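The structure presented is a predicted model; accordingly, all values stated were derived computationally and were not measured.
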Amino acid sequence: QQLREKIASQKTHMANLPTLQSIVDETGFTSPATKARAQLIKELSDDEEQLELLLESKRVAAAVRLQEELHPPEDSGDCPICLETIKHVNST
């Protein structure tokens, strides 16, 4: 929820700024204003990607949980290599 609010405020803030193209046209590619605008765009895209990854991980966890409820493992054992518990499901 906090990430969504942060993204919304970033989008609102960016909407009130001049476009990157207009900044480049006025000041050039290497100006501090161009670099600042590009950094804002990068931060926004990073936050949006983080939100998408969070939502996708929640979706996958829910799907795995449903699969385990519908098809519970019949047996499990410890892996001798990684020492994690491996769930064995009869695949008939």
Side-chain angles (χ1 to χ4, degrees):
Q1 186 64 26
Q2 290 176 340
L3 191 55
R4 286 182 181 170
E5 292 171 2
K6 181 180 178 183
I7 290 171
S9 70
Q10 286 174 328
K11 285 183 177 182
T12 302
H13 177 67
M14 285 182 58
N16 296 328
L17 297 174
T19 64
L20 183 59
Q21 184 62 46
S22 66
I23 295 172
V24 169
D25 291 342
E26 291 175 16
T27 61
F29 282 108
T30 59
S31 73
T34 302
K35 291 178 183 177
R37 175 64 182 212
Q39 183 64 32
L40 288 174
I41 293 170
K42 181 184 179 310
E43 289 173 7
L44 175 61
S45 65
D46 288 348
D47 288 342
E48 287 177 332
E49 181 181 14
Q50 184 180 359
L51 178 62
E52 288 176 18
L53 289 172
L54 178 66
L55 294 174
E56 182 64 10
S57 67
K58 286 183 178 182
R59 186 195 68 78
V60 168
V64 167
R65 194 169 39 253
L66 178 63
Q67 177 69 16
E68 288 180 349
E69 287 175 8
L70 295 175
H71 308 284
E74 296 175 2
D75 189 18
S76 65
D78 292 334
C79 174
I81 297 171
C82 65
L83 303 176
E84 291 186 14
T85 300
I86 308 294
K87 299 174 183 174
H88 303 286
V89 178
N90 188 1
S91 60
T92 58

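- Under the rule for a side chain to side chain donor-acceptor pair (under 3.5 Å), the partners of Glu48 that lie at least two apart in sequence or sit in another chain are Lys11.
- Under the 3.5 Å distance criterion, the side-chain polar atoms of Thr27 are matched with a main-chain donor or acceptor of Ile23.
- Legend: residues meeting side-chain contact (heavy atoms from CB on, under 4.5 Å) with Ile81, ordered by chain and number and at least two apart, are Cys79.
- Residues passing the side chain to side chain donor-acceptor pair (under 3.5 Å) test with Gln39 are Glu43, sequence neighbours excluded.
- Side-chain N or O atoms of Arg37 include one that pairs as donor or acceptor with a backbone N or O of Pro18 at under 3.5 Å.
- Residues Leu55 and Arg4 form a side-chain contact, since some pair of their non-hydrogen atoms from C-beta on lies under 4.5 Å apart.
- For Thr12 and Ser9, the side-chain atoms include no donor-acceptor pair closer than 3.5 Å.
- Rounded to the nearest 0.5 Å, atoms CE (Met14) and OG1 (Thr19) are 10.0 Å apart.
- The same ILVMFWY cluster, assembled from side-chain heavy atoms under 4.5 Å apart, contains both Leu17 and Leu44.
- Lys6 meets the salt bridge (charged side-chain N to carboxylate O under 4.0 Å, His left out) test with Asp47; sequence neighbours excluded.
- Atom CG of residue Leu51 and atom CD of residue Gln1 lie 10.0 Å apart, to the nearest 0.5 angstrom.
- With sequence neighbours excluded, no residue satisfies salt bridge (charged side-chain N to carboxylate O under 4.0 Å, His left out) with Asp25.
- Between Gln50 atom CD and Ile7 atom CD1 the span is 8.0 Å, to the nearest 0.5 Å.
- Of the inter-residue distances, the one linking Lys42 atom NZ with Asp46 atom CG reads 4.0 Å to the nearest 0.5 angstrom.
- Not counting sequence neighbours, the partners of Glu56 by the salt bridge (charged side-chain N to carboxylate O under 4.0 Å, His left out) test are Arg59.
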